[in-house]
Number of protein chains: 4
Amino acid sequence: MADTRTPDSTRRSERSRRAIYDAALALVGEVGYQRTTIEGIAARAGVGKQTIYRWWPSKAAVLLEAFVDLNQQAADALGETAQAIPDTGDLAADLRRVLRATVDELVDPKYDIPTRALTAEGIVDAELGSRYVDTLLRPALQLYVDRLVAAREAGHVRADVDPETALELFTGPLTHRWLLRTAPLTHAYADRLVDYALNGLAPR
Amino acid sequence: MADTRTPDSTRRSERSRRAIYDAALALVGEVGYQRTTIEGIAARAGVGKQTIYRWWPSKAAVLLEAFVDLNQQAADALGETAQAIPDTGDLAADLRRVLRATVDELVDPKYDIPTRALTAEGIVDAELGSRYVDTLLRPALQLYVDRLVAAREAGHVRADVDPETALELFTGPLTHRWLLRTAPLTHAYADRLVDYALNGLAPR
Amino acid sequence: MADTRTPDSTRRSERSRRAIYDAALALVGEVGYQRTTIEGIAARAGVGKQTIYRWWPSKAAVLLEAFVDLNQQAADALGETAQAIPDTGDLAADLRRVLRATVDELVDPKYDIPTRALTAEGIVDAELGSRYVDTLLRPALQLYVDRLVAAREAGHVRADVDPETALELFTGPLTHRWLLRTAPLTHAYADRLVDYALNGLAPR
Amino acid sequence: MADTRTPDSTRRSERSRRAIYDAALALVGEVGYQRTTIEGIAARAGVGKQTIYRWWPSKAAVLLEAFVDLNQQAADALGETAQAIPDTGDLAADLRRVLRATVDELVDPKYDIPTRALTAEGIVDAELGSRYVDTLLRPALQLYVDRLVAAREAGHVRADVDPETALELFTGPLTHRWLLRTAPLTHAYADRLVDYALNGLAPR
DNA sequence: GCGTAAACGAGACGGTACGTCTAGTCTTTTC
DNA sequence: GAAAAGACTAGACGTACCGTCTCGTTTACGC
């Protein structure tokens with residue numbers, strides 16, 4: 001039977017935790033997600049397999065935490081407001097800037113490969129997916145909500161707009177192209193999205 | 001080394017092919033994609049493993065073809081034009097109708113589970129992904145292109161609109177919510193998408 | 001590396017020692033030797049694993065000491081001479097009596113299972129084997145030596161007989177049948193052994 | 001669940017079987033029985049673990065068969081009668097010769113180590129023990145029975161002697177010293193055993 | 001209609017990784 | 001400072017599948 005005793009997290013080895021994060025991210029980057037194995041992570045981290053199984057339920061969960069940790073570190077390095085979408089008063093310009101940056105990130109293999117892996121895993125595994133959304137995706141989307149609310153108050157956006165839906169006009173298509181590879185992701189595409197979404201497809 | 005001789009498809013057993021499709025779809029529905037194995041499909045189909053390896057390169061490829069076959073059958077049952085997006089002259093109403101139908105399909109577990117599995121696999125496996133897009137997704141998206149081109153000619157849509165980008169304002173957000181489960185998929189959501197995309201977020 | 005510091009035995013917990021003996025014997029009786037683990041003994045004794053590793057080099061060593069302790073207690077309960085082979089003047093009768101008693105003991109599962117385990121372990125592990133022989137077996141065999149020497153002095157046994165070898169004519173076959181289960185261990189067998197060994201196989 | 005299907009022995013790979021025997025015997029000789037693992041045997045034999053698990057229930061069973069096979073080969077090399085105890089008419093001399101040969105064998109590490117391991121395992125595991133006795137030990141003991149019966153018919157042994165018991169006067173003590181290492185195994189000891197057993201301990 | 005060659009069902013094979021178990025060590029806290 | 005508790009590295013366990021490779025057994029085409 002499985003070990004049903006919950007381990008005592010106060011006695012957890014910080015050293016091992018870090019080594020596992022590092023090994024997991026390195027391996028996914030080097031050989032891809034499918035060929036990254038728990039045995040491989042353990043060996044690379046100089047850790048017993050049981051130490052992984054003790055603290056994580058699956059390979060995907062390890063990678064997710066490793067990613068969250070990475071983001072945390074990056075966020076800590078920057079100031080708090082540094083990650084917010086800028087508000088220059090020109091909504092279109094601000095969105096173009098942030099969408100272009102997102103395009104750049106999604107195109108960079110360093111982010112592309114592990115993020116794809118996590119996303120794909122979350123698509124099939126609902127439990128993991130919800131943790132992924134809550135810890136990584138939702139905070140990123142919230143930045144759009146904040147900016148759109150500000151724009152609405154400034155009268156740059158229709159008063160009846162639901163920001164949760166509105167933001168998906170930008171991130172939805174971008175994610176669609178990125179994940180499904182239906183067409184190349186370019187800055188021009190990002191700009192066009194902002195144009196269409198803000199001004200609509202119908203003639204004015 | 002692999003058997004480099006190309007098998008003679010004229011001598012292929014139609015019976016086995018059908019049995020493999022059925023077994024693959026049934027197993028994915030019953031135990032999920034991850035726990036569906038080629039051995040399991042072979043056993044369920046009453047077929048030797050080699051018969052699968054002879055004709056398909058991977059589990060995902062089997063499932064993809066099984067899905068294509070399923071769609072083919074459904075399409076054959078309907079008339080040819082039956083799957084096109086209707087053109088009543090009211091673009092918004094036509095889009096609402098088709099998006100609502102899509103929502104209904106994505107919410108139905110019968111389609112949801114295997115489609116998720118295929119999509120997730122295609123996200124990670126580029127080769128499979130491109131076949132998935134070409135055989136299943138692209139034809140479906142083309143229907144939007146056709147309808148949007150017609151709308152553009154009728155002056156119901158801006159003359160400068162790129163239909164390939166424009167259609168993603170509808171399918172992108174829908175796919176986003178479906179795959180990532182960020183929020184429930186409803187008819188109201190579909191309607192709102194049509195409103196935002198056609199009229200834009202900015203005040204007129 | 002192992003903790004080379006010799007622990008201070010004066011501070012040793014008598015309570016733990018007893019609990020470990022009891023747990024070890026109980027477990028071997030219940031689940032057999034192979035499936036008795038040091039972890040299991042520690043858990044059952046309510047003792048940390050390190051407490052076992054601190055004082056014993058192996059599972060077999062624990063069991064051996066537990067057994068020695070058990071014998072000690074039994075011996076203390078009886079008088080000192082009580083365990084000697086009786087000397088009624090009739091060597092054959094005395095040997096039959098003691099061999100029959102040995103048969104009874106070897107057939108009793110209470111002794112059979114742990115003694116088998118220890119013996120088997122000692123056969124493979126020379127170090128343990130020698131401790132087993134010295135602490136448990138040798139004292140028992142010495143009783144035969146004593147009785148045979150007395151018989152020799154009384155002229156009931158050839159003057160040139162080496163008691164160390166002679167005693168094995170009794171214990172050797174008995175042990176052989178017991179360990180290898182080549183044939184059932186019975187009182188009749190014990191009697192026959194005494195007859196053959198004392199009188200020889202050759203016709204007189 | 002375990003694979004309950006019985007494998008088809010007609011399709012068994014003779015090559016793998018031989019390689020497994022060789023690897024098992026080599027490893028036991030090199031690192032001892034306890035530190036010989038199924039993984040190690042598989043790796044050394046260049047064989048998948050499952051191939052071992054498919055055909056044998058345990059490490060001990062592999063070793064037993066390897067040993068039986070070894071004996072078979074040795075027996076096939078010699079003539080049929082070559083392994084019988086010689087009958088020169090001088091029972092004592094014949095027994096001395098065979099016991100001395102046995103001593104030599106038991107002292108040779110090549111036989112000592114794996115035989116010890118198998119014997120010890122058979123002592124604890126009754127099922128394996130009975131297979132060990134039936135396939136390896138019993139045939140060897142039968143040779144004594146045959147010789148003793150011949151001696152009885154020739155009047156060199158008491159008419160009332162049970163050969164099954166009598167033979168244990170020789171093999172029992174020898175096995176006892178060998179397994180328990182109570183004293184060194186020498187030719188002199190073998191000779192003394194023959195003397196005592198044939199002539200008895202009591203004065204004539 | 002008969003021979004032959006390819007596809008077939010079956011499943012053994014060498015492997016890899018799984019998730020579990022235990023060994024023996026190390027660390028922290030309690031008595 | 002011994003002991004309880006238990007996390008740690010290490011690695012074998014037995015299982016599940018992988019993809020390849022024979023085996024006979026159909027099956028269907030060309031002679």
Side-chain angles (χ1 to χ4, degrees), chain A residues 1-3 5 7-13 15-16 35-40 42-43 45-55 57-59, chain B residues 1-3 5 7-13 15-16 35-40 42-43 45-55 57-59, chain C residues 1-3 5 7-13 15-16 35 37-40 42-43 45-55 57-59, chain D residues 1-3 5 7-13 15-16 19 35-40 42-43 45-55 57-59:
Chain A
M1 206 230 294
D3 194 340
R5 295 182 311 258
D8 177 351
S9 52
T10 65
R11 307 194 46 181
R12 186 168 182 183
S13 162
R15 188 138 109 68
S16 297
R35 281 163 52 204
T36 296
T37 64
I38 291 196
E39 294 211 327
V47 140
K49 287 201 302 181
Q50 199 55 49
T51 299
I52 298 185
Y53 284 108
R54 182 155 35 230
W55 300 110
S58 68
K59 174 173 69 164
Chain B
M1 212 233 290
D3 194 339
R5 294 182 312 250
D8 177 353
S9 52
T10 64
R11 306 195 50 175
R12 185 170 183 183
S13 162
R15 188 136 107 70
S16 297
R35 282 162 54 204
T36 295
T37 64
I38 291 197
E39 295 211 327
V47 139
K49 288 200 307 181
Q50 198 54 47
T51 299
I52 297 184
Y53 284 109
R54 180 154 35 229
W55 300 109
S58 69
K59 174 174 70 163
Chain C
M1 211 233 289
D3 193 341
R5 294 181 312 250
D8 178 351
S9 52
T10 64
R11 306 197 47 178
R12 185 170 182 183
S13 162
R15 188 138 104 70
S16 296
R35 281 161 53 203
T37 64
I38 291 199
E39 297 213 322
V47 139
K49 288 199 312 182
Q50 198 53 46
T51 301
I52 297 184
Y53 283 109
R54 182 154 33 230
W55 300 109
S58 69
K59 175 173 70 164
Chain D
M1 208 230 293
D3 195 340
R5 295 184 310 260
D8 178 351
S9 50
T10 66
R11 306 193 45 184
R12 187 168 181 182
S13 162
R15 187 137 110 69
S16 297
R35 281 161 54 204
T36 294
T37 64
I38 291 196
E39 294 211 328
V47 140
K49 288 203 297 180
Q50 199 56 48
T51 299
I52 298 184
Y53 285 109
R54 181 154 36 228
W55 300 110
S58 68
K59 175 174 68 163

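Owing to the predicted nature of the structure, the values given are computational and were not obtained by experimental measurement. Here is how names work: the chains are called A, B, and so on, in the same order as the sequence lines, proteins then strands, and each is numbered from 1.
Contact between the side-chain N/O atoms of Ser16(D) and the OP1/OP2 oxygens of dC13(E) is not found at any separation under 4.0 Å. The shortest distance between the side-chain N/O atoms of Thr51(D) and the OP1/OP2 oxygens of dA12(E) is not below 4.0 Å. Side-chain N/O atoms of Arg54(B) include one lying less than 4.0 angstrom from OP1 or OP2 on dC8(E). Applying the 4.0 Å criterion to OP1 and OP2 of dA12(E), one finds that Trp55(D) has every side-chain N and O outside that range. Under 4.0 angstrom from either OP1 or OP2 of dC21(E) there lies no side-chain N or O belonging to Thr37(C).
Residue Gly40(A) is out of contact with every strand shown, counting any heavy-atom pair closer than 4.0 Å.
Of the candidate nucleotides dA3(F), dG19(E), dG14(F), dG14(F) has the atom nearest to the side chain of Tyr53(D). In this structure, the nucleotide among dT25(E), dG19(E), dC18(F) sitting nearest to the side chain of Glu39(A) is dG19(E).
To the nearest 0.5 Å, atoms CG (Asp8(B)) and CZ (Arg54(B)) are separated by 11.0 Å.
Sequence order on DNA chain E of the closest nucleotides to Thr36(A) and Ala42(B) puts Ala42(B) first from the 5' end. Taking the nucleotide of DNA chain F with the nearest heavy atom to each of Asp8(A) and Thr10(B), the more 5' of the two is matched to Asp8(A).
The side chain to side chain donor-acceptor pair (under 3.5 Å) search around Ser13(D) returns Ser16(D), not counting sequence neighbours.
Axis orientation changes by 10° from one end of the helix from dG1(E)-dC31(F) to dC31(E)-dG1(F) to the other, with each end axis drawn from 5 pairs and the value rounded to 10°.
Dense packing is recorded around CZ of Arg12(A), with more than 12 heavy atoms of other residues, nucleotides or ligands lying under 6.0 Å away.
Under a 3.5 Å cut-off, the side chain of Lys49(A) and the backbone N or O of Ala42(A) do not form any donor-acceptor pair.
Residue side chain Lys49(D) reaches the base of dG14(F) through a donor-acceptor N/O pair under 3.5 Å, judged by distance alone.
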